[in-house]
Amino acid sequence: MSAALKLAIFDVDGTLVDSQQLILAAMMAAFEAVDLPLPPRETTLSVVGLSLPLAIASLCPKASEVQLARMVAVYKQAYATGRQQEHLSSPLYPNAKETLESLWAVPEVLLGVATGKSRRGLDFILDAHQLSGRFVTEQVADHHPSKPHPSMVLAALSESGVDSDRAVMIGDTSFDMEMGRAAGVRCVGVTWGYHDADRLIKAGADAIVDDFDALPGVLWD
């Protein structure tokens, strides 16, 4: 008898790829477009993981709807332009690809993505790092409410046919942990992204890891 399927769902920005320089550059362009000051670096990066409109609104709560729409449009354009520049690229974190490949090679393990990126943005990352075809379910911001709403994880479970008690959400922010908890799956927080370990634990992380090598050992209890 074959083993029951398991599903590992990965966030992207701050979990698989280090996109902070590109995000900051695009945010700077967005704020400059409406003559508003960009918040401090830590504050700006703290909203990574939310859908873009919600992230910008969180950073700029007093902005008008017209300003917010302009900022979102400028961010998208600046991000698309910036990812063509080598110094603003989004490299994989150390051992990310090796870990994904080792998990992908296990017959009963399925891989998925749940990201605040757009479909186009995710496709660019997967193509750039030769990861296309590795994920059986790819949930993006185009089709779901922003994290921490559980819609992305619930859709991933439905598409993969894996029960919630055999699935795990891996991410670097409290939004990922809250999303996973709301969907009833195990949650693993990674500390190399945008929220620290204390915040991840408070948000419901079942386990915390400091590097990719430690990840396979804590995915399923």
Side-chain angles (χ1 to χ4, degrees), residues 7-27 30 45 47-56 72-86 88-93 95-101 103-104 109-160 162 167-173 175-180 183 185 187-188 190 192-195 212 215:
L7 176 64
I9 308 168
F10 287 86
D11 168 58
V12 177
D13 290 314
T15 300
L16 293 179
V17 298
D18 183 0
S19 50
Q20 60 180 308
Q21 298 306 323
L22 180 51
I23 290 170
L24 288 168
M27 279 293 187
L45 292 175
V47 302
V48 174
L50 298 175
S51 65
L52 180 57
L54 183 56
I56 291 179
V72 168
V74 171
Y75 180 99
K76 289 180 177 179
Q77 182 58 53
Y79 196 96
T81 301
R83 65 189 177 195
Q84 306 298 331
Q85 302 175 36
E86 185 174 354
L88 292 178
S89 63
S90 298
L92 289 167
Y93 284 102
N95 297 319
K97 188 166 187 179
E98 294 83 353
T99 301
L100 288 172
E101 294 291 353
L103 291 171
W104 184 72
V109 173
L110 303 178
L111 302 180
V113 164
T115 176
K117 283 185 173 299
S118 66
R119 176 75 262 174
R120 185 171 70 170
L122 177 61
D123 286 345
F124 183 89
I125 289 294
L126 297 183
D127 290 344
H129 296 295
Q130 294 81 52
L131 291 172
S132 297
R134 292 296 186 260
F135 301 97
V136 301
T137 178
E138 297 171 357
Q139 306 303 323
V140 295
D142 307 59
H143 310 303
H144 296 280
S146 177
K147 300 176 184 180
H149 192 286
S151 176
M152 289 189 192
V153 175
L154 295 175
L157 295 174
S158 177
E159 287 187 4
S160 65
V162 176
V168 57
M169 178 68 213
I170 303 107
D172 67 299
T173 70
F175 314 126
D176 297 312
M177 302 300 99
E178 291 165 2
M179 177 176 65
V185 304
C187 298
V188 174
V190 304
W192 52 80
Y194 302 129
H195 291 177
F212 259 104
L215 186 61

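FYI, side chains are in, hydrogens and waters are out, and symmetry mates aren't considered; it's all heavy atoms of this structure.
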Between the CD1 atom in Ile170 and the OG1 atom in Thr99, the distance rounded to the nearest 0.5 Å is 10.5 Å
### Query
How far apart are the C-alpha atoms of Leu100 and Arg134, what are their side-chain angles, what is the distance that settles it, and do they pass the side chain to side chain contact (heavy atoms under 4.5 Å, CB included) test?
CA-CA 8 Å; Leu100 288 172; Arg134 292 296 186 260; over 6 Å; no
**Request:** Walk me through it: do Phe212 and Leu16 pass the test side chain to side chain contact (heavy atoms under 4.5 Å, CB included)?
**Result:** CA-CA 9 Å; Phe212 259 104; Leu16 293 179; 3.9 Å; yes
Value for OG (Ser132) from CD (Glu138), rounded to nearest 0.5 Å, stands at 7.5 Å
Practice prompt. For Arg120, look at atom CZ and say whether over 12 heavy atoms of other residues, nucleotides or ligands are found less than 6.0 Å away.
Written response: no
d(Met169 CE, Lys147 NZ) to nearest 0.5 Å is 5.0 Å
Using modelled atom types and a 3.5 Å cut-off, is there a donor and acceptor pairing between side-chain atoms of Ser118 and backbone atoms of Gly121? yes
Mind running side chain to side chain contact (heavy atoms under 4.5 Å, CB included) on Phe10 and Leu215 for me, showing each step along the way? CA-CA 12 Å; Phe10 287 86; Leu215 186 61; 3.7 Å; yes
Note: Tyr79 and Ser19 closest approach over all heavy atoms is OH-CB, 4.2 Å
Nearest heavy-atom contact between Thr15 and Trp192 is O-NE1, 3.0 Å
- Kindly check if the number of other-residue, nucleotide or ligand heavy atoms within 6.0 Å of NZ (Lys97) is above 12? yes
Nearest heavy-atom approach of Ala80 to Arg83 is O-CG, 3.4 Å
Exactly one candidate in Ile125, Val140, Asp11, Asp123 meets side chain to side chain contact (heavy atoms under 4.5 Å, CB included) with Lys117; the answer is Ile125
Beyond-backbone contact of Tyr93 with Val190, side-chain heavy atoms, under 4.5 angstrom:
no
Nearest heavy-atom contact between Asp172 and Gly14 is CB-O, 3.3 Å
Distance col, row Thr137:OG1 vs Leu110:CG, nearest 0.5 angstrom, shows 9.5 Å
Smallest heavy-atom separation, His144 atom then Ala155 atom, equals CE1-CB, 3.6 Å
Discussion item. Parallel, tilted or perpendicular, judged at 30° and 60°: which one describes the rings of Phe175 and His195?
Written reply: perpendicular
Donor-acceptor pair, side chain of Thr81 and main chain of Gln77, under 3.5 angstrom
yes
Interatomic distance, NE2@His129 vs CG@Leu92, rounded to 0.5 Å, equals 4.0 Å
Leu7 and Gly112 have their tightest heavy-atom pair at CD1-N, 4.0 Å
Which of Ile9, Asp176, Val12 passes side chain to side chain contact (heavy atoms under 4.5 Å, CB included) with Thr115? It is Val12
Notebook entry, point to check: Is there a donor-acceptor pair under 3.5 Å between the side chain of Gln130 and the backbone N or O of Ala128?
Noted result: yes
Open item on the list: Using a 3.5 Å distance criterion without hydrogens, assess whether the side chain of Asp142 forms a donor-acceptor pair with backbone atoms of Arg119.
Closed with: yes
Would you confirm whether Tyr194, through its side chain, and Gln20, through its main-chain N or O, come within 3.5 Å as a donor-acceptor pair? yes
Checklist entry - Under the 3.5 angstrom rule, does the side chain of Ser146 hit a backbone N or O of Ser51 as a donor-acceptor pair? => result yes
Separation between CG (Leu52) and CD1 (Ile56), nearest 0.5 Å, reads 4.0 Å
